[in-house]
There are 2 protein chains.
Amino acid sequence: MTPRADHLTAEVVELIGTVVARYHEEYEHAAAEHSLTGAQARVLGLLAREPMPMRRIARSLKCEPSNVTGIVDRLESRGLVERRPDPADRRVKLAAPTETGRATAAQLRDSLDFAREPLGELSVTERALLKELLQRMLGVTPE
Amino acid sequence: MTPRADHLTAEVVELIGTVVARYHEEYEHAAAEHSLTGAQARVLGLLAREPMPMRRIARSLKCEPSNVTGIVDRLESRGLVERRPDPADRRVKLAAPTETGRATAAQLRDSLDFAREPLGELSVTERALLKELLQRMLGVTPE
DNA sequence: ACCGAATTACTTGACAACATGAAATATCGA
DNA sequence: TCGATATTTCATGTTGTCAAGTAATTCGGT
């Protein structure tokens, strides 16, 4: 595989680690302001985009489906999410945000200042550059 | 505060989210290969750099000191870490990696291919550019 | 210099959330 | 009907918080 990382690469890795830590901190904080845990906020954000079966939530979160049951339970007991039957398949339950849930998700998205604010430090050109570098790094091939 | 994010910024935020997710995945995976949890791996990595009192571990992890007790307990029961008295202050306990712990930490660091491998996609110039952009974003002022 | 009070470091215990894996139930598809 | 799939439940372990408790240090006043 890759040989031992050079100094520059190591520095970048370190920086990414810092970004990750900062991101998490901000995310948890934003979630906590709505009395949500990180996991709950993630699921709510996911469902705000599009209702989906439990199974798919689990795939998105990369965790076991049995875990999702509990998270959705807690969201449901707070009236942010509801389970609806899937007309096409009676085994599956579609989790969908309620009206309140959608509102909370929107507020949450807005208060997710993490990258928005620091990105203000960068010019438009730089942001575009950063975007391209990250895409390349992630192996995203722009169509 | 910052006005509603423009399209470009939103894209970059999204990308950062993806980077964060990928990073975590890789980190947990690397930790699991040594039968460690993410938190345990983080603490071990921290101590491999430099032994430190429990309180400082808590500050690094941004969690309560009482939480660190349990994590270090588990690492200690597996012989990866030991608690030593601080000669200067009998209240504090210094957590330090054992020989095995240091070896595990080194392996862990090496298997942390996340950013190393994808960064291979970028040229040296690009990596330097990325480093600078991330530093600016994080508000790091290079001396 | 001394003594008592506040502070600090760590642990313990109770409790909630998250996470996994195995087993149970219900439904689908071939 | 049989095997696969979607969800839940249960047992268990780790991470996290908070409040209370113990031990050691520091500081202020005399």
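Throughout, protein chains are lettered first and strands after them, A, B, ... in sequence-line order, and every chain is numbered starting at 1.
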- For A:L94, what are the other residues in its hydrophobic cluster, where any two members join if their side-chain heavy atoms are less than 4.5 angstrom apart? A:V92
- Item | Set of side-chain hydrogen bond (donor to acceptor under 3.5 Å, both in side chains) partners for A:T125, sequence neighbours left out | none
- Message: Contact list please: residues 28-41 of chain A against DNA chain C, heavy atoms, distance less than 4.0 Å, in numerical order.
- Response: A:T37, A:A39, A:Q40
Which side-chain N or O atoms in residues 44-56 of chain B pair as donor and acceptor under 3.5 Å with protein atoms at least two apart or in another chain?
from	atom 1	to	atom 2	distance (Å)
B:R49	NH2	A:E14	OE1	3.1
B:E50	OE1	B:R56	NH2	3.1

- Residues in salt bridge (charged side-chain N to carboxylate O under 4.0 Å, His left out) contact with A:E82, at least two apart in sequence or another chain: none
Side chains of residues 68-76 of chain B: which donor-acceptor pairs under 3.5 Å do they make with residues two or more places apart or in other chains?
from	atom 1	to	atom 2	distance (Å)
B:D73	OD1	B:R83	NH1	3.0
B:D73	OD1	B:R83	NH2	3.0
B:E76	OE1	B:R83	NH1	2.6
B:E76	OE2	B:R83	N	3.2

- Contacts of A:H24 that satisfy ring-ring contact (aromatic ring centres under 6.0 Å, His included) - sequence neighbours left out: B:H24
- Query: With sequence neighbours excluded, what pairs up with B:L133 under the side-chain contact (heavy atoms from CB on, under 4.5 Å) test?
  - Reply: A:L122, A:E126, A:L129, A:L130, A:L133
- Query: What stems involve DNA chain C, if each pair must be Watson-Crick or G-U and both of its distances must be under 3.5 Å, with 3 or more such pairs in a row?
  - Reply: C:1-30 with D:1-30
- Query: Of all residues at least two apart in sequence or in a different chain, which pass the side-chain hydrogen bond (donor to acceptor under 3.5 Å, both in side chains) check with B:R42?
  - Reply: none
- Encode nucleotides 3-16 of chain C as B, S and - characters from 5' to 3', where the letter depends on protein heavy atoms closer than 4.0 Å: B to the base, S only to sugar-phosphate, - to neither. -----BSSBB----
- Task: Tell me, please, which residues at least two apart from A:R102 pass side-chain contact (heavy atoms from CB on, under 4.5 Å).
- Result: A:P97, A:E99
